[in-house]
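What follows is a short report on a single structure.
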Amino acid sequence: MGARVRVKASHLGPDWQVGLLNQLQISSDCHRVLLFAPASAGQFRVRATLEPRELTRLQVAVGPDGRVQAYDPAVRADSAVGGQWREVPLRLFRESARRCRATLDSLARGP
């Protein structure tokens, strides 16, 4: 995880949004895309946290060697740093998202 991705979500408008694909520590089934606000005094802050079900498209940045690129907030938002963007089918997240929701619901109910 920690991959550089770009996403589209209907509630964010038509433009691509570049961010970080991450896993929650509570379960490897729980994925989120973090979008960051521009740096202020060298500090980045999360401006949005998106679940896969909120996305309409997801692409991952891959380098010239075919490896997934890590997210680096210092890199210009729209670039794939010498590589390209590769589409990720959102259906790949359906089953893990269902298991994630069950885990989160179970934690919310408590022991």
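Predicted model only: the values in this text are computed from it and were never measured. Because only heavy atoms are used, hydrogens play no part in the values below, and waters and symmetry mates are left out as well, while side chains stay in.
In this structure, R45 has no salt bridge (Lys or Arg N to Asp or Glu O under 4.0 Å) partners at least two apart in sequence or on a different chain. Every residue meeting the side chain to side chain contact (heavy atoms under 4.5 Å, CB included) condition with V68, not counting sequence neighbours, appears here in chain and number order: A3, V60, V62. Looking at residues two or more places apart in sequence or on another chain, you find a side chain to side chain contact (heavy atoms under 4.5 Å, CB included) between R91 and P89, R94. For the side chain to side chain donor-acceptor pair (under 3.5 Å) test, residues two or more places apart in sequence or in another chain that qualify with R98 are E95.
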Identify every side-chain donor-acceptor pair in residues 7-18 under 3.5 Å, counting partners at least two apart or on other chains, and give the distances.
residue: K8; atom: NZ; partner: P14; partner atom: O; Å: 3.4
residue: Q17; atom: OE1; partner: R47; partner atom: NH2; Å: 2.5

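Sorted by first and then second residue, the pairs that involve residues 49-64 and meet side-chain hydrogen bond (donor to acceptor under 3.5 Å, both in side chains), not counting sequence neighbours, are R6-Q59, E51-R53, E51-R101, R57-E87, Q59-E87. For residues 45-74, the pairs satisfying ring-ring contact (aromatic ring centres under 6.0 Å, His included) are F36-Y71, with sequence neighbours left out.
Side-chain contact check for L50 versus L35: some heavy-atom pair is nearer than 4.5 Å. At a threshold of 4.5 Å between non-hydrogen side-chain atoms, the residues V33 and L20 do not count as touching. Within the 4.5 Å cutoff, side-chain heavy atoms of H31 are placed close to those of S96.
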Test side-chain contact (heavy atoms from CB on, under 4.5 Å) on R32 and C100; report intermediate values, then the result. CA-CA 11 Å; R32 298 293 183 271; C100 175; 4.1 Å; yes
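Here CG of L58 is found 9.5 Å from CH2 of W85. Values are rounded to the nearest 0.5 Å.
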